[in-house]
Amino acid sequence: PPVAFSARGFHIIGTACTASPLPPADLGRIHPRLLLIGGEGFGLSQALLAHCHSNAFIAAPGGLPAHFDSLNVAVATGILLDRLSPPHTH
């Protein structure tokens with residue numbers, strides 16, 4: 001449960017359309033962290049969102065079309081993990 005991670009000092013990041021989302025890059029400097037990903041369409045439950053310290057979102061250039069309410073969960077997870085990771089060095 002998220003409460004156990006929070007008690008161990010984890011910053012819990014949820015993914016939902018809320019009034020105060022943050023770009024993933026702003027959350028990348030926070031450690032340790034736990035990322036909660038909701039299912040396509042319905043997202044995270046209110047019970048899980050209540051445990052989140054922050055909320056991340058994926059910004060789309062020009063915004064998403066009005067009829068889009070979610071991205072494919074696997075694609076969204078990959079994008080978020082990449083953006084939460086330190087900058088790539090080659």
Side-chain angles (χ1 to χ4, degrees):
V3 173
F5 285 94
S6 186
R8 291 187 179 115
F10 280 77
H11 185 89
I12 302 173
I13 303 169
T15 54
C17 295
T18 66
S20 56
L22 296 171
D26 290 354
L27 299 168
R29 296 176 290 277
I30 299 170
H31 294 280
R33 61 186 177 248
L34 173 67
L35 181 62
L36 299 180
I37 305 286
E40 295 170 28
F42 294 106
L44 290 172
S45 69
Q46 290 299 316
L48 285 175
L49 285 172
H51 293 287
C52 296
H53 302 114
S54 300
N55 181 51
F57 77 103
I58 299 170
L64 290 174
H67 62 279
F68 281 32
D69 63 353
S70 67
L71 296 173
N72 172 278
V73 71
V75 171
T77 301
I79 292 169
L80 288 166
L81 290 175
D82 179 72
R83 294 194 182 160
L84 287 169
S85 299
H88 301 286
T89 57
H90 298 280

For the student: nearest non-hydrogen atoms of Pro2 and Leu36, plus distance: CG-CD1, 4.3 Å

N/O donor-acceptor pair under 3.5 Å between Arg33 side chain and Ile30 backbone: yes

Interatomic distance, Ile13 atom CD1 to Leu35 atom CG [nearest 0.5 angstrom]: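 Interatomic distance, Ile13 CD1 to Leu35 CG, rounded to 0.5 Å: 6.0 Å.
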
Distance (rounded to the nearest 0.5 Å) between Thr77 OG1 and Leu84 CG: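 Nearest 0.5 Å value for the OG1-CG distance: 10.5 Å.
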
Within 6.0 Å of CZ in Phe10, more than 12 heavy atoms from elsewhere: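 Check passes, neighbour count above 12.
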
What donor-acceptor contacts under 3.5 angstrom involve side-chain atoms of residues 41-54, with partners at least two apart or in another chain?
| unit_1 | atom_1 | unit_2 | atom_2 | d |
| --- | --- | --- | --- | --- |
| Ser45 | OG | Leu48 | N | 3.2 |
| His53 | ND1 | Ile12 | N | 2.8 |
| His53 | NE2 | Ser6 | OG | 3.4 |
| Ser54 | OG | His11 | NE2 | 2.6 |

